[in-house]
Structure formats: C-alpha cells, structure tokens
Amino acid sequence: MASSVRVRIAPSPTGDPHVGTAYIALLNLIFARQRGGKFVLRIEDTDRTRFVASSEQMIFDALHWLGLDWDEGPDVGGPFGPYRQSERTALYSAAVERLLAGGHAYRCFCTTERLDEMRRLQIASKLPPRYDRHCRNLDVAQSASLHAAGTAHTVRLAVPVDGATTFRDELRGEITFDHNNVDDQVLLKSDGFPTYHLANVVDDHEMQISDVIRAEEWISSTPKHVLLYKAFGWEVPRFWHMPLLRNTDKSKISKRKNPVSLIYYRQAGFLPAALVNFLGLMGGGMPADVEKFTLPEMQAGFQFERISLGGPVFDLEKLKWLNGLYLRGLSPDTFLDTVRTVVLDDAYLRAIAPLIQERIETLAQFMNLADFFFMDEVVAPPEVYLPKKRTLPETLKLGGELLAVLEAADWEHAALEKTLRDLATAHTWSAKELFMLVRAIITGKSASPPLLESMLVLGKARSLDRVRRFLEREKARRE
RNA sequence: GGCGCCAUCGUCUAGUGGCCUAGGACGUCGCCCUCUCACGGCGAAGAUCGAGGGUUCGAAUCCCUCUGGCGCUACCA
C-alpha cells in the first residue's frame, strides 16, 4: 500500500524567497490537504556557489507568513529526514555507486575548458550543444587508472543510445523524448555534491513522494529523471507540471521585470491572504467566476484538472485590487493593528528615528523628513536625478546596471558603498553624481537622511523595487 | 539552431460539439452617489476564440498544417 499521497516543495536557498516558490508551495499544499496527504519541505542546497546562508530562514518565514505550512521539513523534522540535501550526501554517493556498477553512469574527466570548447564548436557548426561522450568511450582500464590517480571528475548519466523515454504528465498526457535529444547529464559534480537531477530523484524516492508538482520548466529534464528511476528500479511518481508565472511580456517571471521577492510583498503591505488568493487565481483551478476565496475555500473547490496551461501573467494591478478588497474588509481595529505591525512597526520606526532626529527642528517635521520610508512610490523630477552634463539615455543605462549591482550586493554599509563607488568609477561618473541619482530614486528628493543608511533601513527588496520602477517610468516616458 | 510545452478581450479567466450574435473579473472610459478623493452602484468600449485547412447538419470546443509565444538546451536549480 504505497498509495498514500506525499508531495514536496524543494526550494534552493540562493537568495530572497521567490513568489514562484510560494505559488508551487500553495498548489502542493492544496493537493496534499485535499487527499489527506503529507506536504514536505526539502531544502535543495547542493549548489555551494550560489548558497546564501540567510536564505533558508527567509524561506521558512515567508511561507509561514503566507500560512503555507508543511508537515515535514528541516525545522519541524519528520520520519524521512534529514530534509536538507547537504546533510544527505552519503545517500547520493551510494546511489552513484549503484549507477556506476550497473553501467547506468560513468566517470567523466573532461575539464571545463574542454567542455566549453566543445560547446563552442558545436554551436558554431549549428549542432545542438551536447556532451560528446568522450569519457563514456574511455575503456574501463583507462577510466579506472584516471580515477585511481585522483583525477578530478564528474559522474554522468549514461543515456541509452537508442529509443525514447515516455512519461505521463497528469495535465498534458504522454510526453516523449527521443534519447538522442537527451544529454548525458552530470549527476555528481567534481566537488562531490550531486546535481539537482540526482538528488531530487533519490530524495523523492527515499521520502516516498507520490506526486511531483513542480514548474513547467522541468518538463525537458523529466526524461532524465525517469531514466534514473528506472536505472534504480524505483517506481516513478506522478508528474504535474504547473504553468510558469510570467512577466507582462510573457517571459518567465523575473526580478528584472517584477518584484519577485516575498519579502517585498510583505514589506510593501500586501496581506498574506490576498497574495495567496491571487496566486490561487493563476492558472484557474477554482470553479467559474469565483474570485475571492480563502485557503480553506480553495482546498474545498480547487480542481487540478481545471488548470489552464497557458502561462499566466502576474498582474500587479489585479493583485493590488484584490489586496484593497481584503484591506477594506478588515475591521477598523484589525486594520489599525495591521498598519502598526507593517507600516509603523516599532523596529522600523526605531531604525528611522535616529536618521531624522539629527536634522529635525519640530516634531511636526518628522513625516516631512521621513515620508519616503512610508510611501509606496516616490518620484523625483529629472532636474533632481539627471546630472548636469549627463544625458537621459546614459543615465538610464547606468540605472539598469545599478539594478543589477544592487541585486548582487550585500545589504550592508561598506559593501553598498563600495558597490556604488565602483559603479560610478566604471562609468566615469563622480560619486556625487551617482549618489544624487540613487538618492532621487530611493527618496524622491534632493535632500534626505544619509543615503546608504536610508537604503539599509528601507531594505533591499523595496530599494530594488524603486530602482525598477524608476527605470520603467522613464522608459514609458520616452515612448 | 535542436527538443518540448502552450495558444479565448491589453491582463486573469468561463466555456469540454448546438444554450456563444463568446460570460465574469482587473485595467480603461462614462454616469450616479458625493464638500474632494477613494469606496460603492450602473453602463460602455474591448476577442472575426492566433491563421489556414478539414471532420460534422452544426466547432472556441475534435483532427491536420502553419504561425506565434514560452521553456529547456550548465559541474544552477
């Protein structure tokens, strides 16, 4: 009786918690609750290079904020732990040994340089970039001696040369991939950590996951996963690929074009119930013409079979409308409490106060000086942000890069200052010019409390949002 | 380029062979309410159902082709 429903979400701790993670978490939660199953949270922290230490806790906090609680996970435990992949490496090593022994995988000693060159050539001659199986063709003795000599290597999946893999997507039906279109994927990296593909299959099996509900972007790698299940002799779970949330231009939702951090939505004053409701609207699923609903209502009425497969545009305007509905529906007391805990939160005020106190003459000036900390959108006129000898196009170009470097920056004083100064230098702008531009974008004014301190208090998510909005606004103005 | 997925108003969607001269919601516009704004109420504009072929008495709904969009194409997930 391996029929009980178990589902999971598997976020990677690589940055701010993502709105797409919340979307998939919501769907998994509903699925599990509807079927009396278990909802598991597993942290996929196998990429050392992108790992962000603070990220895991932020994911927990954000999902709890939304009320999307899990039954098993790193923080709550459970019978199938540990729930962090970095703590399960022994499992992956054993799995790799099994694959190697069974001839389903092989060691690859190719260097990054060789792989890059190989791909360059393939693309130049209009061939699909794919591993050329150089090491798969090594004879056993050669491979063994390289291994014995301690040569750095990866382990790759030995995809069958002929035939095809067919799997069923519960929403789309059967999908077939010809094996000559499936790459010999790296399963174990040279640092000893597994890639997503291996870890995911091993863990989903070990954790007895019955239904894999994940984003559509995974469809192309599903044949590799199916091949792995079969190589291990394991039962293949059911797959439900959900449509991808989109930007207004229909591309996969991205931080460049949309606020995607759940931290942003919380700080910008969206109610968790409204955001959950809105996510529930994405892709249909609820009965006709039901627009406003709670999590329990969604649990009662949501049908996975109804999901429409076209990728839904994440429309901030409609989210705001829905959020307004929720806000206006609050009792006056609850509303005030909410304002106090989000907008006028004590910790937030405590961080702002010293910046204002230095330059204040009467208490009534407090809001005049601090307004931008409490506003949703600030707009400075070009006279403020456009340096005298610079053109608008070059300012906007710099603005675009500003967004990228701030995104990558540690949200800490020294790092922020260095980031901005480096950006100025790179563009042969004076620090003064750049700081005024950023000040205008962040505060909407030419005079404000110290810029870096203000950005630290405002927070990364909202600061980035202001830069993004600035760019969008200016782009729209020029059209 | 290759492979895969998808395709109804600008956006989210209803619609699963006749009830569709395609319904609702956001947004937009107008009117009402009103000291203003917002809320709320009412209304309008907005989709030859991506295109072209079939199947059928009948197609947004089924089939084929094309086109378009998106995703994947990493020792990232």
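Nothing here was measured: the structure is a model prediction, and the numbers come from that model. Every chain is numbered from 1 and lettered A, B, ... according to where its sequence line falls, protein lines coming before strand lines.
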Can you give one letter per nucleotide of nucleotides 65-77 of chain B, going 5' to 3': B for a protein heavy atom under 4.0 Å from the base, S for sugar-phosphate only, - for none?
----SSBSSSBBB
Taking the side chain of A/Asn181 as its heavy atoms from C-beta onward, which of B/G24, B/G2, B/C5 lies nearest to it?
B/G2
Specify whether A/Trp70 and A/Phe60 have parallel, tilted or perpendicular ring planes, treating 30° as the upper limit for parallel and 60° as the lower limit for perpendicular.
tilted
My understanding is that only residues two or more places apart in sequence, or in another chain, count here; which of them pass side-chain contact (heavy atoms from CB on, under 4.5 Å) with A/Asn323?
A/Phe270, A/Leu271, A/Ala274, A/Leu327
Listed once per pair and sorted, the side-chain hydrogen bond (donor to acceptor under 3.5 Å, both in side chains) pairs that draw on residues 134-144 of chain A, sequence neighbours left out
A/Arg136-A/Asp184
Contact check, residues 263-279 of chain A vs RNA chain B, heavy-atom distance under 4.0 Å, returns none
Whole-Å gap separating P (B/G4) and CG (A/Asn180)
10 Å
Using whole Å, report how far CG of A/Asp315 lies from C1' of B/C26.
6 Å
Integer-rounded Å distance: B/C6 P and A/Leu309 CG:
5 Å
Over 60° means perpendicular and under 30° means parallel, so tell me whether A/Phe304 and A/Phe302 are parallel, tilted or perpendicular.
perpendicular
With sequence neighbours left out, write down each residue that passes side-chain contact (heavy atoms from CB on, under 4.5 Å) with A/Arg88, or none if nothing qualifies.
A/Pro82, A/Leu91, A/Tyr92, A/Asp203, A/Glu206, A/Met207
Rounded off to whole Å, could you give me the NZ-to-C1' distance for the A/Lys126 and B/C3 pair?
17 Å
Applying side-chain contact (heavy atoms from CB on, under 4.5 Å), can you list everything that pairs with A/Leu344, at least two apart in sequence or on another chain?
A/Val339, A/Leu349, A/Phe374
With C1' as the reference atom in both, quote the distance from B/G18 to B/A60 in angstrom, rounded to an integer.
13 Å
Taken to the nearest whole Å, CE/A/Met282 to P/B/C26 is 14 Å
Filter on side-chain hydrogen bond (donor to acceptor under 3.5 Å, both in side chains), then keep only pairs touching residues 299-314 of chain A, sequence neighbours left out; what's left?
none
Who are the side-chain contact (heavy atoms from CB on, under 4.5 Å) partners of A/Thr151, not counting sequence neighbours?
A/Phe109, A/Leu146, A/Ala149
Do any pairs count as a salt bridge (charged side-chain N to carboxylate O under 4.0 Å, His left out) and have a residue in residues 8-19 of chain A, sequence neighbours left out, and if so which ones?
A/Arg8-A/Asp204
Length of the line joining A/Met286:CE and B/A25:P, which is rounded to integer Å:
17 Å
Excluding sequence neighbours, so at least two apart, what forms ring-ring contact (aromatic ring centres under 6.0 Å, His included) with A/Trp218?
A/Tyr196
For nucleotides 38-43 of chain B, print each protein N/O atom paired with a nucleotide N/O atom at under 3.5 Å, atom names and distance only.
residue: B/C39; atom: O3'; partner: A/Arg328; partner atom: NH1; Å: 3.3

Sequence neighbours excluded, the answer for salt bridge (Lys or Arg N to Asp or Glu O under 4.0 Å) partners of A/Asp69 is none
Atom pair distance, as rounded to whole Å: CZ in A/Phe302 and P in B/A14
11 Å
Which whole-number value in Å describes the distance from A/Leu127 CG to B/G2 C1'?
10 Å
Separation between the C1' atoms of B/G52 and B/C70, rounded to whole Å
23 Å
May I ask which nucleotide in the shown strands pairs with B/A47, Watson-Crick or G-U wobble, both distances under 3.5 Å?
none
